[in-house]
Undergrad: 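There's a structure below that I have some questions on.
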Amino acid sequence: MLPLIAVVADALDDAAPPLNQRLAPYAPAPLVAAVVAAGGLPIVLPRPASEAAAAALAKAYLPHIDGLILPGGPDVDPTYYGEEPLAAIGTTDRLRDAFEIPLIRATLAAGKPLLGICRGLQVACVALGGTLYQDLATQDPDYRLRHAQAAPGTDPTHHVTIAPASRLATLIGTTGFVNSRHHQAVRMLPAGLRAVAHAQDGVIEAVESVADDRFLAVQWHPENMWQAHPEQLKLFKDLVVRAEASR
Ligand code: MN
């Protein structure tokens, strides 16, 4: 049986003609295709209708999934890490946070693996007690690279240095050339996680768990790169391998 890889849905902001669907759940097509290419069976998890329903829904999904992908998306609501929203914060979506945070905790507690992408890295760190820069440009004194690239999303724009003794290095080596579509980043890592890749200005670009292989998250978007840069597909293949091992 192929491992079932759950992808948390975003909600389409605009009504989609001609069906006039509002807040339709969706996942990026290249991400779903990457799961298939990696040998996984993708399913998309719609977010809940209310914050009150979120934790129960996350718990109900858990027995059915073998691995979890947390895709990119809106900024995490900073009240989840004890801060008020600063002027430079972007769009937030409490319903998605309310669903993803218990789903992340439950997935890891059940010994199942996750792959975080961009916001996915950030929300997973927040779920475990970490904090974020709400806006790198106004909060991080060392910030100087363009992390919100204007180049096409399929193009890499900045390099990352990867810790040699890391799972990520075994997949793609000790340097990476990656795309970058974020204005936030991890500020304080929670216990149990470590940074395994940095950009030249010190921004955390990848995080792994210290004691096991359940947690791997990257700040870039491998789903937009894997077709032209096949090393990025290894992140998805690795999630499938970890999902198979956890069954
Ligand atoms: Mn970046």
Side-chain angles (χ1 to χ4, degrees), residues 8 10 28 30-31 34 69-76 78 81 86 88-93 96 100 114-128 130-164 166-169 171-190 193-209 215-236 238-239:
V8 180
D10 210 334
L31 196 161
I69 293 182
L70 304 156
D75 290 354
V76 178
Y81 47 93
L86 299 178
I89 200 166
T91 305
T92 54
D93 178 354
R96 184 155 163 195
E100 283 187 329
L114 64 78
L115 171 64
I117 294 173
C118 196
R119 166 203 158 81
L121 182 160
Q122 296 163 7
V123 71
C125 286
V126 169
L128 302 179
T131 66
L132 307 180
Y133 289 110
Q134 292 189 35
D135 179 63
L136 281 167
T138 51
Q139 288 189 287
D140 178 1
D142 299 321
Y143 172 80
R144 61 184 174 79
L145 298 184
R146 179 145 187 160
H147 287 275
Q149 72 185 46
T154 48
D155 286 355
T157 58
H158 74 64
H159 291 85
V160 293
T161 302
I162 299 169
S166 64
R167 190 170 185 91
L168 184 61
L171 299 175
I172 63 174
T174 54
T175 57
F177 190 31
V178 300
N179 58 10
S180 195
R181 300 210 308 269
H182 59 110
H183 80 112
Q184 299 197 316
V186 173
R187 185 172 194 166
M188 190 201 76
L189 277 167
L193 299 183
R194 66 178 184 129
V196 296
H198 293 87
Q200 222 173 57
D201 58 2
V203 168
I204 292 176
E205 291 277 342
V207 172
E208 292 181 4
S209 37
F215 190 112
L216 176 56
V218 295
Q219 186 55 67
W220 63 90
H221 286 269
E223 77 279 14
N224 295 129
M225 290 185 66
W226 65 273
Q227 280 162 324
H229 305 272
E231 79 280 3
Q232 297 293 335
L233 187 62
K234 292 181 185 173
L235 291 168
F236 297 96
D238 174 66
L239 177 64

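Whatever order the structure lists them in is the order used to number ligands and atoms, beginning at 1. Position 1 is the first residue of the sequence, and the numbers go up from there.
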Undergrad: Name all residues meeting the side chain to side chain donor-acceptor pair (under 3.5 Å) criterion together with His229; count only those two or more places apart in sequence or in a different chain, and write none if there are none.
TA: none
Undergrad: Verify whether one side chain among Trp226 and Glu231 offers a donor that lies under 3.5 Å from an acceptor in the other.
TA: no
Undergrad: Taking C-beta and beyond as the side chain, do Val203 and Asp140 meet within less than 4.5 Å on heavy atoms?
TA: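 With C-beta onward as the side chain, the pair touches.
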Undergrad: Can you say whether the rings of His158 and His182 are parallel (under 30°), tilted (30 to 60°) or perpendicular (over 60°)?
TA: perpendicular
Undergrad: Would you tell me whether Gln219 and His198 have side-chain atoms, one donor and one acceptor, within less than 3.5 Å of each other?
TA: no
Undergrad: What is the number of protein N, O or S atoms that sit under 2.8 Å away from the Mn ion (ligand 1)?
TA: 5
Undergrad: Flag the pair Asp75 and Arg119 as a salt bridge only when some basic side-chain nitrogen lies within less than 4.0 angstrom of an acidic carboxylate oxygen.
TA: no
